[in-house]
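Structure record follows, encoded as structure tokens.
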Amino acid sequence: MQRKISKICFFTFLALSFLSAVSCARSNSVASINEKDLFTINYGSFEDELNLFNLSTSGSINTFMTMHDGFFYVANGESKKILELNSYGELLTLYYNSEYTKTPSFADKASVNSTKKAIEYPFNTLGPLAVDSNKCLYAVDTLPAERQENDIENRLLLNYIVLRFNSDGTFIDYLGQQGPGGTPFPFIKNIYATKNNELVVVCETNEGPLVYWFNSSGFLLYSVPFNEKLVPKLKDLNDSENINFISIENVIPDSVSRKL
């Protein structure tokens, strides 16, 4: 019996030694991924360029990007426009505010250039983007001051909406808290389109993240509030009375199931 145990211990020692050697060998090598430049977008004020800085105001860069099925969508808040690009960086569709971006030549319906489209829309302050499998484009924007609302009870300014454009660029409507044309959202941190073409809007409030989940038609399915009181508390193992402080950094939806 002693001999059998000794053999087991010996083989266990060999196995651990082998794993240790493999681990050391791997740690000495640095894995690398080769970079591949697909395309670049120039800085400027033309329709296919990005304006990243507004010298008259201060603040962070207000430009967002998403990708779906090899197509890139860039919302440039500084110039109040959205670019749809193919995988080669060629402009396919321009959504633009004519007060900030000059109307491009291909906007003329009689233009022979049929590979590009121009859709005019009076964007205010563009935010994150999402695109579903039907190529429906969702874009976060803000309402003009006269249409904004105040939530006195929760001390929130309600001024964010989600614009919807169908696959040919036609404006459909905007989504609010209840669905099409609903009450504006508080600050929107991000939006997501699921595999089932459902839209998830993640907002920030004074109490914590607030998530709105809409069906494929744009009608509200769930609104889920998150706050520190609902998060499981982690107790210190050495002191059962001492409870750690917890904060919620982000909420991300599952891309297939209705889970957060």
Side-chain angles (χ1 to χ4, degrees), residues 39 41-57 59 61-148 159-176 179-182 184-185 188 191 193 197 199 201 214 217-218:
F39 58 83
I41 302 177
N42 293 326
Y43 170 77
S45 57
F46 288 106
E47 64 268 12
D48 57 349
E49 297 177 333
L50 297 181
N51 177 10
L52 300 180
F53 303 98
N54 186 347
L55 299 179
S56 62
T57 60
I61 295 175
N62 190 35
T63 296
F64 304 85
M65 185 187 75
T66 189
M67 183 186 71
H68 189 80
D69 291 339
F71 294 91
F72 295 84
Y73 302 81
V74 182
N76 186 204
E78 284 70 19
S79 57
K80 304 184 188 301
K81 65 185 178 184
I82 299 174
L83 310 178
E84 179 189 1
L85 311 166
N86 63 16
S87 58
Y88 298 100
E90 298 169 339
L91 180 63
L92 299 178
T93 307
L94 173 68
Y95 302 80
Y96 70 103
N97 184 326
S98 60
E99 293 184 10
Y100 294 84
T101 299
K102 182 180 178 181
T103 301
S105 58
F106 56 83
D108 184 4
K109 300 297 183 182
S111 174
V112 296
N113 189 348
S114 59
T115 62
K116 299 179 182 179
K117 292 184 295 184
I119 292 94
E120 185 178 352
Y121 188 87
F123 297 115
N124 292 304
T125 307
L126 282 168
L129 300 169
V131 180
D132 65 21
S133 61
N134 294 323
K135 294 195 69 176
C136 179
L137 174 65
Y138 302 88
V140 173
D141 201 1
T142 58
L143 288 171
E146 63 273 13
R147 296 175 58 192
Q148 299 176 6
N159 61 338
Y160 282 81
I161 57 174
V162 179
L163 306 174
R164 294 200 298 176
F165 298 86
N166 65 18
S167 59
D168 65 4
T170 302
F171 175 70
I172 303 173
D173 56 20
Y174 75 83
L175 298 182
F185 298 99
I188 296 178
I191 59 175
N197 298 327
L199 182 72
V201 180
F214 300 90
S217 299

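Along the sequence shown, residues are numbered consecutively beginning with 1. Values reported hereafter were calculated over all heavy atoms of this structure, with side chains retained and with hydrogens, waters and symmetry mates removed. Everything quoted here is computed from the prediction, not taken from an experiment.
The shortest distance between side-chain heavy atoms of T103 and S98 falls below 4.5 Å. Contact check for Y174 versus L163: side-chain heavy atoms found under the 4.5 Å cut-off. With contacts defined as side-chain heavy-atom distances shorter than 4.5 Å, the pair L143/N124 does not qualify. You'll find the side chain of Y95 reaches within 4.5 Å of the side chain of L137, heavy atoms only. Contact of the F39 side chain with the L85 side chain is registered, since non-hydrogen atoms from C-beta on lie closer than 4.5 Å. Proximity of I119 to K117: side-chain heavy atoms (C-beta onward) are separated by under 4.5 Å at one or more points. Contact of the N86 side chain with the F71 side chain is registered, since non-hydrogen atoms from C-beta on lie closer than 4.5 Å. Annotation: side chain of Y96 is not in contact with side chain of E47 (no heavy-atom distance under 4.5 Å).
With a 6.0 Å radius and a threshold of 12 heavy atoms from other residues, nucleotides or ligands, Y100 has its OH atom at or below the threshold. In the displayed structure, Y88 atom OH is contacted under 6.0 Å by at most 12 heavy atoms of other residues, nucleotides or ligands. Under a cut-off of 6.0 angstrom, the local environment of CZ in F46 is sparse, with at most 12 non-hydrogen atoms contributed by other residues, nucleotides or ligands.
A donor-acceptor pair under 3.5 Å is absent between the side-chain atoms of N134 and the main chain of C136, judged by distance alone.
Annotation: the span from I188 atom CD1 to D141 atom CG amounts to 9.5 Å, rounded to 0.5 Å. To the nearest 0.5 angstrom, E90 atom CD is 7.5 Å from L92 atom CG. Note that NZ of K81 is 7.5 Å distant from CG of D48, once rounded to the nearest 0.5 Å. Summarising the geometry, atom CZ belonging to F123 is positioned 11.5 Å from atom OG1 belonging to T142; distances are rounded to the nearest 0.5 Å. If you take CG on L91 and CD1 on I41, they are separated by 9.5 Å, rounding to the nearest 0.5 Å. Atom CG of residue N159 and atom OG1 of residue T125 lie 8.5 Å apart, to the nearest 0.5 angstrom.
Across all their heavy atoms, G77 and L126 have their closest contact at CA-CB, 4.2 Å. Taking both residues in full, the closest heavy atoms of F171 and F165 are given as CA-CD2, 3.7 Å, listed atom of the first, atom of the second, then distance. The two residues T101 and S79 come nearest to each other via the heavy atoms OG1-O, 3.3 Å. What you find for P180 and L175 is that their closest heavy atoms are N-CD2, 3.6 Å. Taking every heavy atom of both residues into account, A139 and L129 meet most closely at CB-CD2, 3.5 Å. Taking each heavy atom of P104 and A118 in turn, the nearest pair found is CG-CB, 3.9 Å.
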**Request:** Kindly indicate, with the supporting measurements, whether the criterion side-chain contact (heavy atoms from CB on, under 4.5 Å) is fulfilled by N76 and L83.
**Result:** CA-CA 8 Å; N76 186 204; L83 310 178; 5.9 Å; no
**Request:** Take Y138 and V201 through the test side-chain contact (heavy atoms from CB on, under 4.5 Å) and record every step on the way to the result.
**Result:** CA-CA 11 Å; Y138 302 88; V201 180; over 6 Å; no
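A side-chain donor-acceptor contact under 3.5 Å links S133 and N197.
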